[in-house]
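As structure tokens, the structure follows; a few thoughts come after it.
All values derive from a computational prediction rather than experimental measurement.
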Amino acid sequence: MLLLWLRVLRRRFQHVPRRVPCRHSSRGAKASRAGWEERNKNSVKWKQLEHKGPYFAPAYEPLPDGVRFFYDGKPVKLSLAAEEVATLYGKMLHLECTTKEVFRRNFFSDWRKEMTAEERKVITHLDKCDFMEIHRYFMERTEARRTLPREQKQKLKEEAEELQQEFGYCILDGHREKIGNFKTEPPGLFRGRGDHPKMGMLKRRIMPEDVVINCSRDSKVPEPPSGHQWKEVRSDNTVTWLAAWTENIQNSFKYIILNPSSKLKGEKDWQKYEVARRLKGIVDKIRAQYQADWKSPEMKKRQLAVALYFIDKLSLRTGNEKEEGETADTVGCCSLRVEHVLLHEKADGQEYVVELDFLGKDSIRYNNRVTVEKHVFQNLQHFMEDKDPRDNLFDALTTASLNRHLQDLMEGLTAKVFRTYNASITLQEQLRVLTRAEDSITSKVLAYNRANRAVAVLCNHQRAIPKTFEKSMQKLQQKIEAKKAQVAEARVELEKVKADLRTLGDSKSKSLLQKERQLMKLEERLAQLHMQAADKEANKQVALGTAKLNYLDPRISIAWCKKFQVPIEKIYSKTQRERFAWAFNLADEDFEF
DNA sequence: AATCTAACTTAGTAGGCATACA
DNA sequence: TGTATGCCTACTAAGTTAGATT
């Protein structure tokens with residue numbers, strides 16, 4: 001107990017890098033020194049790093065006098081601290097999370113901590129709190145900003161740009177690089193995903209005193225805001241972050257990091273895909289091995305073989321253990337429980353069907369039925385025998401042991417590489433199947449999106465159905481109906497011209513040709529609309545962006561664009577092109593993943 | 001060997017913004 | 001010229017991995 005407490009204390013008040021010792025610290029044993037220096041040399045991320053430190057969220061601005069908080073029907077003037085937290089809740093009143101019991105309980109408990117003793121005595125039930133005026137005030141403010149005259153908006157934009165120029169860049173090894181997030185996160189109420197036990201807790205304001213600055217020794221050290229000081233200034237060139245602080249919800253670090261367009265990030269991205277390409281070279285061997293291991297007499301080996309099969313075939317995440325009660329209950333491959341698996345000897349006319357149904361990352365549901373080999377099926381039956389629904393399916397397996405095994409198979413191989421590999425190889429293959437050189441650019445882009453979608457489905461990248469989906473779908477249907485009518489009309493006209501032609505001779509043959517061409521065009525357009533509608537429906541719940549940004553080797557897409565003369569702008573937005581800048585010189589039209 | 005956790009990648013969403021449309 | 005629409009980006013939560021510690 002005491003030990004635990006000490007650990008918590010240390011976690012709270014120190015910020016000691018544990019992975020790589022500070023490069024200036026003296027080393028003990030001489031024998032380990034060479035190894036350390038070797039490792040350290042590889043892990044040096046920069047020689048020079050200079051920046052202005054984070055930009056802090058604006059101080060709290062008290063509510064104007066006309067905006068009141070009511071308790072039990074009576075207006076109550078809150079202390080500044082209590083008022084600030086009340087506004088955080090009031091702003092969110094229109095969101096569903098404020099109706100959730102856990103959210104309300106956590107919020108109220110944390111809010112009471114900010115109250116004066118006096119307030120705490122009076123405000124004892126959230127049900128009796130009325131934030132309506134606060135809510136209205138913030139909604140009106142948002143609305144006012146939205147309807148600001150053009151030149152005012154322009155001015156705000158310029159101010160934002162100025163801020164970006166001042167705080168949004170750093171110097172890294174002589175190059176001016178964009179920072180990803182140069183602002184500290186403002187205080188707010190924690191919005192976990194899914195059934196998060198901590199939703200509604202107060203995420204406290206970050207002060208300069210919380211922030212560790214990382215920059216090179218000889219650089220201009222950023223100035224803390226006046227009257228304040230940094231928690232620490234250090235110079236650790238084995239890490240890539242510029243500043244860091246501990247957040248109070250999970251007690252973990254938050255970092256100020258570089259933008260994906262930076263050289264450092266780009267190189268890392270390139271490396272990631274190179275590892276995945278190396279996997280391509282030995283994946284057959286790995287598959288053969290895990291298939292053989294399904295028959296191993298060792299339970300451990302069989303569990304590993306079946307888990308790896310899932311990771312490979314279904315592109316599941318590895319699935320680390322999580323501390324119960326600290327986060328939403330979600331799982332990945334290694335943390336699957338018996339309750340997440342259903343075995344069907346026969347289903348949908350197939351033998352050996354496995355049904356997986358669980359909440360994965362971000363509490364997104366994974367629900368899939370898949371036919372497996374008999375050995376896999378029998379192994380699963382065995383793994384589930386005499387277990388409770390809440391027991392782990394792979395009880396003899398951890399992510400660490402899995403990754404250790406993979407590391408032995410190939411340097412740099414970890415479980416997530418399979419996701420990258422399968423995603424990229426699927427894109428390449430689908431592009432090959434779906435692209436027709438003679439198609440229009442529009443059709444080719446459609447084909448690309450379909451290939452992208454195949455990957456997104458594989459990786460289970462979902463999104464909420466867009467709020468306007470039904471409406472815009474209806475609109476598209478109307479367009480289709482209108483086009484159908486046009487086609488019908490064109491047909492009638494064509495028939496009429498044909499009839500005229502028979503009675504009046506060939507004097508109108510030119511008009512016949514014209515009508516035929518017109519009909520064809522309309523039919524083509526109708527077919528296109530049908531395709532668009534089918535695509536829209538298929539995309540309803542599928543998020544394409546995640547795969548595009550994180551799993552698909554950009555060289556595949558760039559090569560495809562070059563080969564089929566599709567402008568890259570049709571595939572990548574401006575920021576995406578900046579992010580993938582590293583790939584443009586590395587991919588000619590016959591690049592193969 | 002198990003556990004912890006720093007540092008990094010991967011993830012969905014809200015809302016801003018540009019563009020199409022009336 | 002204002003409004004609806006759909007795309008894009010900022011934001012930040014939630015994963016993975018591996019070195020250090022116990």
Response to the item:
Residues at least two apart in sequence or cross-chain that pass side chain to side chain donor-acceptor pair (under 3.5 Å) with A/Asn422, listed by chain then number, are A/Asp312
Fill in: Candidates A/Phe138, A/Tyr137, A/Tyr89 - the one meeting ring pair (Phe, Tyr, Trp, His ring centres under 6.0 Å) with A/Phe131
A/Tyr89
Discussion item. Can you identify which nucleotide, out of B/dA14, B/dA6, B/dA11, has its nearest atom closest to the A/Arg317 side chain?
Written reply: B/dA11
Worksheet item: Within less than 4.0 Å of OP1 or OP2 of B/dG12, is there a side-chain N or O belonging to A/Thr546?
Response: yes
Practice prompt. Run the salt-bridge test on A/Lys198 and A/Glu326 with the 4.0 Å N-O cut-off and return the result as yes or no.
Written response: yes
Worksheet item: What is the nucleic acid contact for A/Pro260, judged by heavy atoms within less than 4.0 Å: base, sugar-phosphate only, or nothing?
Response: nothing
Discussion item. Can you confirm whether or not the ring centre of A/His461 sits under 6.0 Å from the ring centre of A/Tyr551?
Written reply: yes
Discussion item. Expected output is a numbered-order residue list: members of residues 395-410 of chain A with a heavy atom under 4.0 Å from any atom of DNA chain C. What is it?
Written reply: A/Asn403, A/Gln407
Worksheet item: Do A/Phe103 and A/His196 have ring centroids that are under 6.0 Å from one another?
Response: no
Item to complete: Would you mind classifying the nucleic acid contact of A/Ala415 as base, sugar-phosphate or nothing, using non-hydrogen atoms under 4.0 angstrom?
Response: sugar-phosphate
Practice prompt. Would you mind classifying the nucleic acid contact of A/Gly545 as base, sugar-phosphate or nothing, using non-hydrogen atoms under 4.0 angstrom?
Written response: nothing
Item to complete: Answer yes when A/Asp329 and A/Arg337 have at least one side-chain N-carboxylate O distance shorter than 4.0 Å, and no when they do not.
Response: yes
Discussion item. Taking any heavy-atom pair under 4.0 Å as a contact, classify A/Lys361: base, sugar-phosphate, or nothing.
Written reply: base
